[in-house]
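In what follows, chains carry the letters A, B, and so on, assigned in the order in which the sequence lines appear, proteins first and then strands, with residues in each chain numbered from 1.
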There are 2 protein chains.
Amino acid sequence: MSATIKDVAKHANVSIATVSRIINKKPGFSPETEQKVLDSIQALGYQPNALARGLINKDTQTIGVLFPAVSNMFASEVLSGIEEYANEMGSSVIVCNTAEDGERTLKYLQVLSEKRVDGIIIVSEYIKEEYYKALSEMKIPKVLVSSISFEYPIPYVKVDDRHASFSAVNYLIGKGHRKIAMIAGNSTDPIAGVPRIEGYMAALRANGIEPSNDMIIHCDGFGHKDGVQAMKDIMDRDMDITAVFASSDELAVGAMSHAIRHGIRVPDDLSVMGYDDTKLAEMMIPSLTTVAQPLYEMGLMAATMLFDMKSSGAVIESRIMNHKIMERETVKNLL
Amino acid sequence: MSATIKDVAKHANVSIATVSRIINKKPGFSPETEQKVLDSIQALGYQPNALARGLINKDTQTIGVLFPAVSNMFASEVLSGIEEYANEMGSSVIVCNTAEDGERTLKYLQVLSEKRVDGIIIVSEYIKEEYYKALSEMKIPKVLVSSISFEYPIPYVKVDDRHASFSAVNYLIGKGHRKIAMIAGNSTDPIAGVPRIEGYMAALRANGIEPSNDMIIHCDGFGHKDGVQAMKDIMDRDMDITAVFASSDELAVGAMSHAIRHGIRVPDDLSVMGYDDTKLAEMMIPSLTTVAQPLYEMGLMAATMLFDMKSSGAVIESRIMNHKIMERETVKNLL
DNA sequence: CTGAAAGCGCTAACAT
DNA sequence: ATGTTAGCGCTTTCAG
């Protein structure tokens, strides 16, 4: 096995306490012994054992992050922000793919608890009672990203979905669109579903347009396939619209894809607007006009809040991040 | 603090050894005591401390994964595969974003070493001498994904890039294309650069076409921007081509994007082929014909190899995964 | 400035 | 079947 603090102490002819002080830069040693010990550390290739340290310090320099899925642009951009800040703070991040499965989530929570992580970030997940129970048993900071809990007091960082959705639809209306369908994703989703539909309806009403339930397409999820399916629906029903607003970029892209394949030109025949502003939106052809959530910054912010809570011991207040309309090429100006 | 094994022992009126046996299902206890202890565990909400365990067992149930960047489809699909298998094996995965930075990589290696991870997977990175030095000091399994080291004996899982590239270009030629440019990405990259260029040239030669260096566009990296820039180059030079083969999907998409914006129709005026088969390829409009690397499976395989090495103690052999031409919509049949 | 010794929470002999 | 005890590698009083 690799060298331990004992080996170093022996090699340098000092006590392990002295070595420990030097490693941790705690006062109480002379420059000479320091050099001696440093040399020994070098010579032996000593590396402190983080487990032993964590056991005593109650501080593992590790945080856990839960995602419903890791392989999509949304998750990876948020993760990127979290990782960046954690790294700056000298912490590692354990990724957990819950696959939106309750048991799997609980199991992960259990593991993170046993590993004594310093904090937990939960992305895009609704907090069920069992989760909260497990979560609150571990007395560590936690923060939600792109999610919110109405029942439980967990700070979150998200955009105002209702408002963002309102802005998007309002933008569309500002461009002269009045017949706007919405691809709502999973409309039972309390975070990404409901508020965005509300925003859509509110924007319509604010502009004197009475929303129709027929114009809201409900899907299983927020993925590309769902978008394709939704557009198929729209076309099958021969819906009379000039624009469609989707609850996610993937949804929008899937919809565009189906439409274009069937001879509908975007934006000439149909305007499309997405939600999220993942990298996909700008890579698309035509590039997708969408409402941006600052994904990377949200990850960064969540991590910042987590570490702030860790050091202050207090619960920090939630943050509503600014959304922004990213004007690109998929919305036609009708005026 | 949370309950320890001692608390459980006291509560159940047994010794900690007995509790330990029961937790770990090691023989040597009666059903009655088992129930008693289980009840106490329940009552106290006891959770074994993974740090203390790891300290003794020399087994942390944690692996580390290094990526040059986390926020792209390539990385996230590989990660997804790794996470899946690790989870099945009861391990957690720590993600490390090296940002292609030597110091940062070394620092991460150091951290993973101190945390005593059970193994390390390195994705899409060239192994520098300093990395190998750090890596070999930790006596744990490591495997490379989509990379290879010629100098050092680290098992890898990748596709045969030269062959895959050959197949792609050969496919293009089979469709009647003879004037084919290549967007090579970073052509100094020993893994994703050089072999793919070689494959391109070999395919050309095998079909009696003499490759021209002018037709190979060198970029900084493999991203979307690089693709846009490359196509700008191609168009500025008024290159006489019917098809372009790119070293990554993002490159291909960027190129398509620029071309289409400038009135070039894909595939009518220009055929485009990518490399990787990330989800981006199928979401693109028109969907991108590309050579597929089984990203998720590669992650899964790498993790499998890692755990196999861990349990067998032996170094396992590398795997060349099958690539596959994904015929979609961006290649025109000229015949 | 330095060392001895007591744990952190757990596992694994070694008793009984 | 169960308990005692010695560590795992480290930090931290408490002495000197």
- Query: Is a donor on one side and an acceptor on the other found under 3.5 Å between the side chain of A:S311 and the backbone of A:F307?
  - Reply: yes
- Item | Closest listed nucleotide, where the reference is the side chain of A:F29 and the choices are C:dT2, D:dC8, D:dT2 | C:dT2
- Please tell me which of B:P27 and B:A52 maps to the more 5' nucleotide of DNA chain D, matching each residue to the nucleotide holding its nearest heavy atom. B:P27
- Message: If you define the side chain from C-beta out and look only at heavy atoms, does anything of B:V70 sit under 4.5 Å from A:S80?
- Response: yes
- Atom CG of B:L55 to atom P of D:dC10: distance rounded to whole Å? 9 Å
- Query: Between B:K26 and B:L51, who's closer to the 5' end of DNA chain C by nearest nucleotide?
  - Reply: B:L51
- Query: Within the pair A:S15 and C:dG3, is there a side-chain N or O less than 4.0 Å away from OP1 or OP2?
  - Reply: yes
- Query: Do the side-chain N or O atoms of A:T33 get closer than 4.0 angstrom to the phosphate oxygens (OP1, OP2) of C:dC1?
  - Reply: no
- Item | Bend angle of the helix from C:dC1-D:dG16 to C:dT16-D:dA1, end axes from five pairs each (to 10°) | 40°
- Item | Residue B:K36 excluded, over 12 heavy atoms near NZ under 6.0 Å | yes
- Message: Without decimals, in angstroms, what is the distance between B:D59 CG and D:dC8 C1'?
- Response: 14 Å
- Message: Tell me the interatomic distance from A:I5, atom CD1, to C:dT2, atom C1', rounded to whole angstroms.
- Response: 14 Å
Taking only nitrogen or oxygen atoms into account, show me every contact under 3.5 Å that the protein makes with nucleotides 5-7 of chain C, one pair per line with its distance.
none

- Item | Side chains of A:T188 and A:N186, donor plus acceptor under 3.5 Å | yes
- Under 4.0 Å between a side-chain N/O of B:N24 and OP1 or OP2 of C:dT11, yes or no? yes
- Query: Is the shortest side-chain N to carboxylate O distance from B:R104 to A:E83 below 4.0 Å?
  - Reply: yes
- Task: Respond yes when some side-chain nitrogen or oxygen of B:R53 is under 4.0 Å from OP1 or OP2 of C:dG9, and no when none is.
- Result: no
- Task: Return the value, rounded to whole Å, for the distance between atom CG of A:N49 and atom C1' of C:dG9.
- Result: 14 Å
- Task: I would like to know whether A:Q47 and A:S2 meet side-chain contact (heavy atoms from CB on, under 4.5 Å); could you show each step before the answer?
- Result: CA-CA 8 Å; A:Q47 306 208 282; A:S2 50; over 6 Å; no
- Flag side-chain contact, heavy atom, 4.5 Å: A:P153 against A:V315: no
- Would you tell me if any nitrogen or oxygen in the side chain of A:S20 comes within less than 4.0 Å of OP1 or OP2 on D:dT11? yes
- Starting from C1' on C:dG9, measure out to NZ on A:K58 and report it in whole angstrom. 8 Å
- Item | Interatomic distance where CD1 belongs to B:I22 and P belongs to C:dC10 [whole Å] | 14 Å
- Basic-acidic side-chain contact under 4.0 Å: B:R53, B:D59: no
- Determine whether any donor atom in the side chain of B:R21 lies under 3.5 Å from an acceptor atom in the base of D:dG3, or the reverse, and answer yes or no. yes
- Message: Please report the distance, rounded to the nearest Å, between CD1 in B:I23 and P in C:dA12.
- Response: 12 Å
- Taking atom C1' of D:dT11 as reference, at what distance in whole Å does atom NZ of A:K25 sit? 16 Å
- Taking A:S318 for its side chain and A:Y156 for its backbone only, find out whether a donor-acceptor pair lies under 3.5 Å. yes
- Message: Does D:dT2 have OP1 or OP2 under 4.0 Å away from a side-chain N or O of B:T18?
- Response: no
- Ignoring hydrogens and geometry, is there a side-chain-to-backbone donor-acceptor pair from B:D118 to B:Q61 under 3.5 Å? yes
